[in-house]
Amino acid sequence: MSDLPTDTEARIAELMDRVPRSSYVDGRFLAATGDLDVIDPATGRPLTQVADADATTVGPQALDAAVAAQSDWAATTPRERSEILRRAYELCHERADDLALAMTLEMGKPLKEAYGEVTYGAEFLRWFSEEGVRPPGEFRPAPSAKHAILTVSRPVGPAFLITPWNFPLSMATRKIAPALAAGCTVVHKPAQMTPLTSLLFMEILAQAGVPAGVVNCVVTSDSKGLSSTLMSDPRLRKISFTGSTAVGRTLLSQASEHVLKASMELGGNAPFLVLPSADIETAITAAMPAKFRNNGEACTAANRFYVHSTVAEEFTRRLVEEAENLVTGPGAEDGTTLGPLINEDAVQKVEELVADAVDRGAKVLTGGQRLDREGYFYAPTVLGDVPADARVNHEEIFGPVAPIIVMDDIDEMVAAANDTEFGLMSYVAGSDLGEVTDAAQRIEAGMVAVNVGVSSDPAAPFGGIKESGLGREGSHEGLAEYLETSYVRLPM
């Protein structure tokens with residue numbers, strides 16, 4: 001914090017003095033006895049402490065509150081729920097300074113990007129405030145009898161929503177907004193490393209008019225204990241999780257006990273294809289945020305760059321130049337464009353992946369090491385001549401490392417892009433419409449971005465195929481994840 005301006009330090013101290021520090025259950029924050037450190041990744045030192053809830057005690061209390069509130073919340077009109085969500089959207093913008101600074105401090109992203117996440121995260125509240133007043137349903141004649149077929153949608157019931165640390169606000173709003181719009185009550189489990197943003201969001205929801213018990217937030221280091229406790233309770237009817245595929249498999253197994261409706265947004269290994277027809281400046285403009293946004297810590301981050309040999313030299317040169325122009329530092333510091341990684345384990349994982357690639361013959365074109373300063377910083381890195389068997393081609397990097405693999409054939413590039421158990425995000429850069437369309441249609445992924453580096457949109461369905469998950473978030477599909485369909489047959 002010593003490198004920050006005095007007024008920034010004062011803002012940080014003031015925010016830490018008033019940010020909630022304990023779980024939120026049945027409309028109130030529980031008594032706070034801080035014993036869980038929230039670490040600033042820019043320094044490696046604690047920002048503050050929050051109460052580490054006993055998962056087996058506070059978890060059931062939160063579910064009790066959600067169950068007790070479920071029938072009344074489901075009975076509210078879609079318009080009532082819509083107005084509350086709209087007010088929450090407005091409040092997120094009114095409190096953008098608090099939300100953005102909290103995200104930057106506990107997660108590390110540059111402050112400008114944190115403000116961008118406030119805008120993006122709040123948009124889910126606005127989108128579902130509008131989508132929630134149009135629940136699906138229909139009335140039509142039966143084809144072979146003088147009967148009518150009536151279908152109506154109903155809220156699935158209490159939902160357990162688990163969010164990751166890398167997008168503390170938008171991952172919460174992407175789940176909580178459609179749940180509330182559909183008429184479901186919620187138990188939210190934020191990542192233990194980034195609880196502050198979620199707790200601030202609980203204040204906003206309460207101020208927006210969400211009744212006590214409708215949304216609850218449990219902050220605990222015992223993630224396994226909380227999920228096991230809640231998912232063994234037959235009153236829970238929905239699980240939504242964003243995180244690793246390994247944890248997703250475990251949760252799906254637990255969900256089978258009571259056949260919970262499940263949504264899973266899991267791991268990614270996104271390819272970025274630079275086709276022969278690519279305009280290099282357009283490709284670079286897309287590649288930089290695709291790789292380095294959010295410090296490279298995103299499931300949608302470009303993980304593997306497959307570059308056609310005819311454009312490889314120019315693309316590689318420009319990517320190295322742009323990576324070297326990034327300014328690495330604390331996210332709250334003016335001018336920072338690349339912040340720290342989340343913790344020491346994250347830095348060590350990136351170091352291991354780069355070392356493995358180099359041992360197998362890759363060349364470090366820029367970066368390639370942690371920075372000699374306090375905190376968890378790794379230099380923006382571009383690797384060339386990366387062999388196919390390097391771990392960076394098969395594992396999520398979750399850091400600012402861009403491995404470049406040069407290929408001579410588009411079919412070979414597409415085959416390499418699909419050579420993974422994951423299928424979340426993918427990127428294609430090219431100017432020839434036929435070339436781009438053909439490649440994009442053959443890539444096995446839930447989402448394909450063409451000549452852009454950021455494609456997430458609350459109005460679009462977000463999700464993957466293969467081992468990258470089940471279900472979709474955003475768009476009308478995101479609302480459907482929290483609804484059940486009932487069919488009524490009527491005589492005519």
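Look at R442 and D438 and you find a salt bridge, because one of the NZ, NE, NH1 or NH2 atoms lies within 4.0 Å of a carboxylate O, short of that distance. Using a cutoff of 4.0 Å between basic side-chain nitrogens and carboxylate oxygens, R391 and D356 are not scored as salt-bridged. Under the 4.0 Å criterion applied to side-chain N and carboxylate O atoms, R318 and E281 are assigned as salt-bridge partners. No salt bridge links K261 with E481; every basic N to acidic carboxylate O contact stays at or beyond 4.0 Å.
Checking T194 against E106 by side-chain atom types alone, no donor-acceptor pair falls below 3.5 Å.
Within a 6.0 Å sphere centred on CD of E313, other residues, nucleotides and ligands contribute 12 heavy atoms or fewer.
The minimum heavy-atom distance between L200 and D98, with the atom names listed, is CD1-O, 3.9 Å. Closest heavy-atom contact between N295 and P340: ND2-O, 2.9 Å. Closest heavy-atom contact between C92 and A122: CB-CB, 3.8 Å.
Within the 4.5 Å cutoff, no side-chain heavy atoms of E484 are placed close to those of P155. A heavy-atom distance below 4.5 Å is not found between the side chains of E130 and S82. Inter-residue side-chain proximity for L251 and S227 is flagged as met; some heavy-atom pair is nearer than 4.5 Å.
No cation-pi contact links K238 to F160, judged by a cut-off of 6.0 Å to the six-membered ring centre and 45° from its axis. Note that R174 lies in the cation-pi zone of F462, set by a 6.0 Å cut-off to the ring centre and a 45° limit from the axis.
Using a 30° and 60° split on the angle between ring planes, F272 and Y427 fall in the parallel class, below 30°.
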- Query: Can you list the steps and then say if T104 with K109 is a side-chain hydrogen bond (donor to acceptor under 3.5 Å, both in side chains)?
  - Reply: CA-CA 5 Å; T104 289; K109 70 183 68 186; over 6 Å; no

